[in-house]
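Written below as structure tokens is the structure these notes are about.
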Amino acid sequence: MTTLLIVEDDISLNKGIALTLAQDGITIEQAYDLATAERRFAEGAIDLIVLDVNLPDGSGLDFCEKIRATSPVPVIFLTANDMESDIVLGFELGGDDYITKPFSLMVLRSRVMAVLRRSRALYEDKLTLGPLSLDFGKMEFRKSGVSLQLSKTEQKLLKVLVSNRGQILTREQLMDQVWDREAEFVDENALTVTVKRLRSKIEDDPSSPIYIKTVYGLGYLWTRTEEAHHAD
């Protein structure tokens, strides 16, 4: 579940933004002043903040500066100020996007979704799953602190599996995503062999895997979803 926090003192605009962004898999929380926003942010589990610059009890710019001291959560500024200096300051303080009023709600929605996609891609590059520490950006993989040497194909398979934790992926889907355009020319046994090699490196007992499960007749499933969290 993705949680968005909208911080905007204009009640009708706040509600309009909430209605525009609401969809399956997204929870909307609303604040009409900085004090409420700060309390909610301190509780954690916010995935993106839509933040008005001019609020009745302070500046959204100051709030963003406080956020950046402890969190990389994406921030999209809303403001009536279209001065170049304000926009530059917003970015310098760690804002991810800056939208000046008046604006189209559908354009706002598109930009929010774009920032979320970039954020998820960044987070997914570094994951901790139980004893597994996976850094796809640096291509560094460890289990209980011990380095794992994975081939490029094993890395791609691992990335696809952990990015779809809890979902059954068919053999065809995995072939297409791991081997891309070359999939139709790759022997299907290549997937079986790659799964076997990957299990031998990450599973305690490859013959009784706890991470990569075979779903007979369908494909494979990364099962350990409850232990997943993004590394700092």
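Quick note: residue numbers are just sequence positions, from 1.
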Looking at [X] and [Y], does any basic side-chain N land under 4.0 Å from a carboxylate oxygen?
X: R142; Y: D135; result: no
X: E8; Y: K101; result: yes
X: D204; Y: R199; result: no
X: R40; Y: E43; result: yes

So, the side chain of [X] versus the backbone of [Y]: is there a donor-acceptor pair under 3.5 Å, distance only?
X: S59; Y: L61; answer: yes
X: D97; Y: I76; answer: no
X: E203; Y: Y211; answer: yes
X: D96; Y: V75; answer: yes
X: K143; Y: I202; answer: yes
X: R111; Y: Y98; answer: yes
X: R197; Y: T192; answer: no
X: D10; Y: L13; answer: yes
X: S71; Y: I67; answer: no
X: E65; Y: D62; answer: no

Taking the side chain as every heavy atom from C-beta outward, state whether [X] and [Y] have any atom pair closer than 4.5 Å.
X: V162; Y: L134; value: yes
X: K138; Y: K126; value: no
X: I99; Y: L78; value: yes

Would you say [X] and [Y] are hydrophobically clustered, going by side-chain heavy atoms of ILVMFWY under 4.5 Å?
X: L108; Y: I26; answer: yes
X: L48; Y: Y32; answer: no
X: V50; Y: L105; answer: yes
X: I168; Y: V160; answer: no
X: I210; Y: L129; answer: yes

No-hydrogen, no-angle side-chain donor-acceptor test under 3.5 Å, [X] and [Y]:
X: D205; Y: S208; answer: no
X: Q149; Y: S147; answer: yes
X: N14; Y: S12; answer: no

What's the separation between atom [atom1] in [X] and atom [atom2] in [Y], rounded to the nearest 0.5 Å?
X: L34; Y: T36; atom1: CG; atom2: OG1; result: 9.0 Å
X: L157; Y: Q155; atom1: CG; atom2: CD; result: 11.0 Å
X: R171; Y: D176; atom1: CZ; atom2: CG; result: 12.5 Å
X: I49; Y: I6; atom1: CD1; atom2: CD1; result: 11.5 Å
X: L161; Y: K156; atom1: CG; atom2: NZ; result: 13.0 Å
X: L4; Y: I46; atom1: CG; atom2: CD1; result: 8.0 Å

In this structure, are over 12 heavy atoms from other groups packed under 6.0 Å from K213 atom NZ?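 Check passes, neighbour count above 12.
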
Could you please spell out the steps behind the side chain to side chain contact (heavy atoms under 4.5 Å, CB included) verdict for Q177 and K159? CA-CA 10 Å; Q177 293 188 57; K159 180 71 180 289; over 6 Å; no

Evaluate side chain to side chain contact (heavy atoms under 4.5 Å, CB included) for M175 paired with D187, printing each intermediate quantity in order. CA-CA 10 Å; M175 292 287 291; D187 188 317; over 6 Å; no

Minimum heavy-atom separation for [X] to [Y], with atom names?
X: F77; Y: G95; result: CE1-CA, 3.7 Å
X: P74; Y: V115; result: CB-CG1, 3.5 Å
X: P56; Y: D9; result: CD-CB, 3.5 Å
X: L51; Y: G60; result: CD2-O, 3.2 Å
X: L93; Y: C64; result: O-SG, 3.5 Å
X: I28; Y: A18; result: CG2-CB, 3.7 Å

Centroid-to-centroid, F136 to F141, below 6.0 Å?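 Judged by ring-centre distance (under 6.0 Å), F136 and F141 do meet the cut-off.
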
Check against side chain to side chain contact (heavy atoms under 4.5 Å, CB included), Y220 and T214: CA-CA 5 Å; Y220 298 95; T214 300; 3.4 Å; yes

Do V195 and L198 pass the side chain to side chain contact (heavy atoms under 4.5 Å, CB included) test, and can you show the C-alpha distance, the side-chain angles, and the key distance before you say yes or no? CA-CA 5 Å; V195 169; L198 185 56; 5.8 Å; no

